[in-house]
Number of protein chains: 2
Amino acid sequence: MPRWESDAQGRLERAALELFETQGFERTTVAQIAGAAGLTERSFYRYFPDKREVLFAGSELEAHLVARVETAAPDLMPFEVLLTALGTADEVFRSREFLLRRVKVIAANPALAERDLIKLADVAGALARALERRGVEPGEARFIADVVIAIARRATSRWLADPAATLSELIAQAAAELREAVTP
Amino acid sequence: MPRWESDAQGRLERAALELFETQGFERTTVAQIAGAAGLTERSFYRYFPDKREVLFAGSELEAHLVARVETAAPDLMPFEVLLTALGTADEVFRSREFLLRRVKVIAANPALAERDLIKLADVAGALARALERRGVEPGEARFIADVVIAIARRATSRWLADPAATLSELIAQAAAELREAVTP
DNA sequence: TCGATGACAACAGATGCTGTCATCACCGCA
DNA sequence: TGCGGTGATGACAGCATCTGTTGTCATCGA
């Protein structure tokens with residue numbers, strides 16, 4: 001394989017997204033992805049632990065959010081800490097076009113939707129541990145993190161459909177919606 | 001299979017739980033489960049679409065909750081509807097001993113944890129659709145359902161650790177905790 | 001009694017994923 | 001210029017999951 005080509009991982013990710021879009025996830029084999037990227041099937045598994053992960057490896061969202069939590073003002077309430085961290089999440093997103101293609105592919109396949117869910121749950125777990133380091137009790141930390149992830153889903157869903165709004169606006173809007181809903 | 005024997009599906013479920021406990025999920029093959037239940041590997045797949053599902057097939061939780069939502073008083077707020085439905089969820093749970101064994105097996109394996117998450121997400125989706133039938137806008141319905149599922153996780157986690165408390169008490173407690181957390 | 005139905009076994013095959021070893025390009029260094 | 005080390009890759013073998021298909025047997029209803 002020529003060395004002047006860009007890195008193998010990026011080629012695999014692009015080839016996989018392309019193939020998943022045209023053929024569907026299940027109908028494309030790992031050998032096809034690897035072949036389109038100029039590698040062998042075995043080499044694919046050197047870059048990604050399994051076939052699904054090729055769509056999820058690039059994100060640095062978790063590290064970004066955790067860093068924001070760790071540098072948040074000490075007197076902030078846990079919920080507010082996560083909310084303000086979330087408001088800056090668009091800093092690590094790739095282009096909206098890429099996100100939309102990815103979302104469509106994921107939504108079209110149950111196995112990928114599963115992986116997406118567990119990735120979000122991983123983020124929730126990391127956020128919960130970050131809260132624990134601020135002194136929040138573990139059970140409550142996980143609870144608040146789960147709720148904030150729900151807010152994130154609500155906000156990003158609107159964000160993908162409405163390019164005009166900023167993510168932090170939509171986060172605040174979802175939080176207000178939640179307060180409204182839970183108030184008797 | 002003789003009629004006086006218990007059904008094949010139940011035998012497969014029990015054999016699988018047993019084997020997963022002693023050998024771990026990955027190290028037990030479908031052929032082993034089927035063999036322990038007196039069936040062939042091929043027959044296993046007539047009862048369950050895949051190996052993981054043998055641990056998740058029995059639950060009628062979703063149908064129970066949806067039924068509760070559909071018979072709820074029309075003037076209740078969406079959040080309250082789901083909360084009161086959740087409070088009756090213990091009516092469809094099996095024995096605590098069975099639940100604990102199951103939880104341990106699931107927690108010990110990432111693939112099973114994934115499936116557990118997606119099952120909860122399925123419940124959230126069903127609850128959201130039930131809310132839509134009451135006139136709630138789809139995006140908000142899903143949002144509220146996700147939040148209520150977070151409440152459910154918080155409550156059941158406490159419930160498994162504390163046999164004394166009732167589930168509906170713990171649900172109300174988690175809801176109060178949420179109101180407290182989101183109030184500025 | 002006969003035909004339909006359903007449960008099951010048996011077999012073949014595609015695919016995901018892993019372990020192992022050989023190979024080759026490149027690197028620093030003498 | 002040549003040498004050895006290192007890391008990436010290819011080649012190959014193998015196991016397990018899951019699917020499609022077919023044949024057999026028991027059961028059930030007309």
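In what follows, chains are A, B, ... by sequence order, proteins preceding strands, each numbered from 1.
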- prompt: For A:Asn109 and C:dG16, what is the distance between atoms CG and C1' respectively, to the nearest whole Å?
  reply: 14 Å
task: Grab the CZ-P distance between B:Arg11 and C:dA7 for me, whole Å please.
output: 13 Å
Cation-pi check, A:Lys51 onto A:Tyr45 ring (under 6.0 Å, within 45° of axis): no
field: Those residues of residues 24-35 of chain A lying under 4.0 Å from DNA chain C by at least one heavy atom
entry: A:Thr28, A:Thr29, A:Val30
task: Could you tell me whether A:Glu114 and B:Lys119 have a side-chain N and a carboxylate O separated by less than 4.0 Å?
output: no
message: Using only atom types and a distance under 3.5 Å, with no angle test, would you say the side chain of A:Glu60 pairs donor to acceptor with the backbone of A:Ala63?
response: no
message: What residues from residues 41-52 of chain A pass a heavy-atom cutoff of under 4.0 Å to DNA chain D?
response: A:Arg42, A:Ser43, A:Arg46, A:Tyr47
- prompt: A:Glu53 CD to C:dC17 P: how many Å, rounded?
  reply: 11 Å
message: Can a donor-acceptor pair be found, under 3.5 Å and without considering hydrogens, that links the side chain of A:Arg179 to the backbone of B:Val182?
response: yes
- request: With A:Arg102 as the cation and A:Phe56 as the aromatic partner, state whether NZ or CZ is under 6.0 Å from the six-membered ring centre and within 45° of the axis.
  value: yes
- prompt: Looking only at heavy atoms, which two atoms of B:Asp146 and A:Arg153 are closest? And how far apart?
  reply: OD2-NE, 3.4 Å
Row check, A:Trp159 ring normal vs A:Arg96 NZ/CZ: under 6.0 Å, within 45°: yes
query: Can you tell me if CD on B:Glu180 sees more than 12 non-hydrogen neighbours from other groups inside 6.0 Å?
result: no
Length of the line joining B:Arg115:CZ and D:dT17:C1', which is rounded to integer Å: 13 Å
field: Whole-Å gap separating C1' (C:dG6) and CG (B:Leu39)
entry: 14 Å
